[in-house]
Amino acid sequence: MPLLSVKNLTLTVPNATLVDGVSFTLEKGKTLCVVGESGSGKTLSSLAIMGLLPKTIQAKVEELAFSDINLNTLTARQHRQLRGSRMSMIFQEPLSALNPVMTMGKQVAEVLQIHTKLNKKERYEKVLALFEQVKLPEPKRIYASYPHQLSGGQRQRVMIAMALACQPELLIADEPTTALDATVQKEILKLIKELQGEFKTAVLFITHDFGVVKQIADDVLVMEHGKVVEQGAANTILSKPKKAYTKRLLAAAPQLNTKPHAEISGDILLKAENVNKTYTRGGGLFGAKQKVNAVQNASLTLYKGQTIGIVGESGSGKSTLAKCILQLEKPNSGDIQLNGQQLVGLKGKKLRTAWRDMQMIFQDPFASLNPRQTVGTSIAEGLKAHGIGTEQERQTKVAELLKAVELPVDAANRYPHQFSGGQRQRIGIARALALNPALVVADEAVASLDVSVQKQVLELMNKLKQDFGLSYLFISHDLRVVSQVADWVLVMHQGQVVEQGPTHKVFGSPQQAYTQQLLASLPG
């Protein structure tokens, strides 16, 4: 008897079918990976199992059974008793799922308080042990921290600790490792495997990373437009896919590329030397101040037309170095020049003028776009701020940019929520190009995208690089993606550049133990 059985699940809203006749089973101790592009119905199917569907969605199902329980007939209260104890879920976006006014420790302890008989001290010790299990640094500090005080990867690990707190029989994981570094991802996947071995936990794992699928899946379910396209044993699906859609997804998955890129030299666009940035935290009424060396003596040289990849784990200083270069953070010391102009110390109008040549593509395009502004207004915002062109000329420029990023011109009149994640990222790219910058910093710009959309966006960025004469600083935790796009790579660890060189040499024959560790952690 399977632990979970779903038969002919159909989810609808007025005038649209979101999930159409999905069926599958999941046995104890097994992992079923569900793959497919955004909008294929993966997450909605999992929410139906958890009893978390929005009221606007109508569900019809022939069978929805967990162990010997008919989930389709449960009251909301009965479903809540199951959630967190016998079945739990790791959500894709931890910042949305976590309570912003509760400390991380209390949020995890709340699960134990509801579903176990542990006393307050035992709950505290259990939470610290869970934080250690998911490789969180300084568990006591994390316990007392609020969500906004942690990095995205740390928030995700807290979510994973919360889901594992009661050792559930069924764990639904919705893209749980997408935002995590390769080394942390490896530890989390190992932890889930250990949980399966010890408690026979069944795992429904939603992902677009075929490296993860290869590493943990027993079976695979491929979804497209709300329907099951193909399903079967993982080895069969990965090695001998039958359907064209599955083949296309597999072909889009990035592989580690160690072939030489064309060498780029000539005019220097950006030169940073011995950049240092130190933060101070703590120092309250009774606490001592603590210094954090976020960036230490970091140097790089970026030539015109070149792409430099910056890789490393969360907290390694990648984004901080980029912010120092963009003067969004003021370095404590160091020299940063763009086209020969000293950036350190620039203020007011001179800094605003320098910013025209430097733009950024953010990791989360939805959070970085104003939900109350049309896409056209957001793209034209920089032009308006710098007093460039008339209103009509700005509208013409917006239309040209939308065409350049392969979006329809009428997209200018729509709002961010009306677009998919990949389309929103294209809008973010269009906005970054509005001022014709020489340097574009892409901070985890494709981390949250499906592999097929990711491939399209990377190809688009490469095309725009040629068309607009751009140079990129490409920040990512995914070494496979960096190997595809970067001519040169910097490896950062604890604020320091531990290794740098041509991408094919650094990834093909790494000299430093830390770089070797990162490469060894790649899934699959």
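Along the sequence shown, the residues carry numbers beginning at 1.
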* Structure fact -> Output for pair (Y472 OH, I310 CD1), nearest 0.5 Å, gives 15.0 Å
* Asked: Could R372 and Y415 be counted as a cation-pi pair, given that NZ or CZ must be under 6.0 Å from the ring centre and within 45° of the axis?
  -> no
* More than 12 heavy atoms of other residues, nucleotides or ligands under 6.0 Å from NZ of K242: is that the case? -> no
* Between W488 and Q500, a side-chain donor and acceptor under 3.5 Å -> yes
* Asked: Taking the six-membered ring of Y279 as reference, does the NZ or CZ atom of K277 fall below 6.0 Å from its centre and within a 45° cone about the axis?
  -> yes
* Minimum side-chain heavy-atom gap Q454-P254 below 4.5 Å -> yes
* Asked: Got F210 and Q215 here, is their nearest side-chain heavy-atom distance under 4.5 Å?
  -> no
* Using 4.0 Å as the upper bound for N to carboxylate O, is an ion pair formed by D209 and K214? -> no
* Check the pair D443, S319 against side chain to side chain donor-acceptor pair (under 3.5 Å), reporting the backbone distance first and the verdict last. => CA-CA 7 Å; D443 190 359; S319 296; 3.0 Å; yes
* Do E230 and T246 have side-chain N/O donor and acceptor atoms under 3.5 Å apart? -> yes
* **Polar side chain donor-acceptor pair, Y245 to E37, under 3.5 angstrom** => yes
* Asked: Rounded to the nearest 0.5 Å, how far does CE of M461 lie from CZ of R426?
  -> 11.5 Å
* In Å, rounded to the nearest 0.5 Å, how long is the span from OG of S378 to CG of N370? -> 6.0 Å
* Do T301 and K271 meet the criterion of a side-chain donor-acceptor pair at a distance under 3.5 Å? -> yes
* To do: Could you tell me whether the side chain of R356 and the main chain of L435 form a donor-acceptor pair under 3.5 Å?
  => no
* N276 and S333 side chains, donor-acceptor separation under 3.5 Å -> yes
* Mind checking the CD-NZ spacing from Q306 to K304? Nearest 0.5 Å is all I need. => 13.0 Å
* To do: Would you mind reporting whether V229 and M223 have side-chain heavy atoms less than 4.5 Å apart?
  => no
* Asked: Between K318 and G312, is there a donor-acceptor pair closer than 3.5 Å when you use the side chain of the first and the backbone of the second?
  -> yes
* **Polar side-chain atom of T503 near backbone of A486 as donor-acceptor pair, under 3.5 Å** => yes
* To do: Please determine which of L189, V213, V34, L32 meets the side-chain contact (heavy atoms from CB on, under 4.5 Å) test together with F205.
  => L189
* Structure fact -> Between K455 and A251 the two heavy atoms that sit nearest each other are NZ-O, 4.0 Å
* For residues M159 and P176, determine if any side-chain heavy atom of one lies less than 4.5 Å from a side-chain heavy atom of the other. => no
* Are S368 and R431 side-chain neighbours, meaning at least one heavy-atom pair lies under 4.5 Å? -> yes
* Asked: Can you name the closest pair of heavy atoms from V409 and L402 and give their distance?
  -> O-CD1, 3.6 Å
* **Backbone N/O of Q511 and side chain of E499: donor-acceptor pair under 3.5 Å** => yes
* Asked: What's the shortest heavy-atom distance between A430 and I379, and which atoms?
  -> CB-CD1, 3.9 Å
* Asked: What heavy-atom pair brings K463 and E406 nearest, and what distance separates the two atoms?
  -> CD-OE2, 4.4 Å
* **Closest heavy-atom pair and its distance - P241, K247** => O-CE, 3.1 Å
* Flag side-chain contact, heavy atom, 4.5 Å: I429 against L433 -> yes
* Asked: Is a side-chain N or O of Q484 found less than 3.5 angstrom from the main chain of V481, in a donor-acceptor match?
  -> no
* **Side chains of I268 and L302 in contact at under 4.5 Å (non-hydrogen atoms)** => no
* Structure fact -> Rounded to the nearest 0.5 angstrom, the CZ-CG distance for F507 and L518 is 8.5 Å
* To do: Evaluate the side-chain proximity of L270 to Q337: yes if any heavy-atom separation is below 4.5 Å, no if none is.
  => no
* Please test L238 against L250 for side-chain contact (heavy atoms from CB on, under 4.5 Å), starting from the C-alpha separation and ending with a verdict. => CA-CA 8 Å; L238 292 172; L250 285 164; 3.8 Å; yes
* With sequence neighbours left out, what residues match K465 under salt bridge (charged side-chain N to carboxylate O under 4.0 Å, His left out)? -> D487
* To do: Verify the neighbour count for atom CG of N235: are there more than 12 heavy atoms of other residues, nucleotides or ligands below 6.0 Å?
  => no
* To do: Say whether, by atom type as modelled, one donor and one acceptor occur between the side chain of D20 and the main chain of G226 under 3.5 angstrom.
  => no
* Asked: Would L458 and V446 satisfy side-chain contact (heavy atoms from CB on, under 4.5 Å), going step by step from the backbone distance to the final call?
  -> CA-CA 8 Å; L458 290 173; V446 296; 4.1 Å; yes
* To do: Could you please spell out the steps behind the side-chain contact (heavy atoms from CB on, under 4.5 Å) verdict for L407 and I427?
  => CA-CA 8 Å; L407 286 174; I427 293 164; 3.7 Å; yes
* **R394 vs E391, salt bridge (Lys or Arg N to Asp or Glu O under 4.0 Å): CA-CA, chis, key distance, verdict** => CA-CA 5 Å; R394 289 195 287 266; E391 183 65 31; 3.2 Å; yes
* Among T515, L479, L490, L519, find the one that has a side-chain contact (heavy atoms from CB on, under 4.5 Å) with V506. => T515
* For atom NE2 of H504, is the number of surrounding heavy atoms from other residues, nucleotides or ligands below 6.0 Å larger than 12? -> yes
* Would you tell me whether H477 and E313 have side-chain atoms, one donor and one acceptor, within less than 3.5 Å of each other? => no
* To do: Using salt bridge (charged side-chain N to carboxylate O under 4.0 Å, His left out) as the criterion, list what pairs up with D335, not counting sequence neighbours.
  => none
* **Shortest non-hydrogen contact from L470 toward P437** => CD2-O, 3.3 Å
* With sequence neighbours left out, write down each residue that passes salt bridge (charged side-chain N to carboxylate O under 4.0 Å, His left out) with D357, or none if nothing qualifies. => none
* Structure fact -> CD of Q496 to OG of S316, rounded to nearest 0.5 Å, is 11.5 Å
* State, without any angle test, whether T43 and D174 hold a side-chain donor-acceptor pair at a distance under 3.5 Å. => yes
* **Qualifying residue for side-chain contact (heavy atoms from CB on, under 4.5 Å) with I336, from L300, L326, V344** => V344
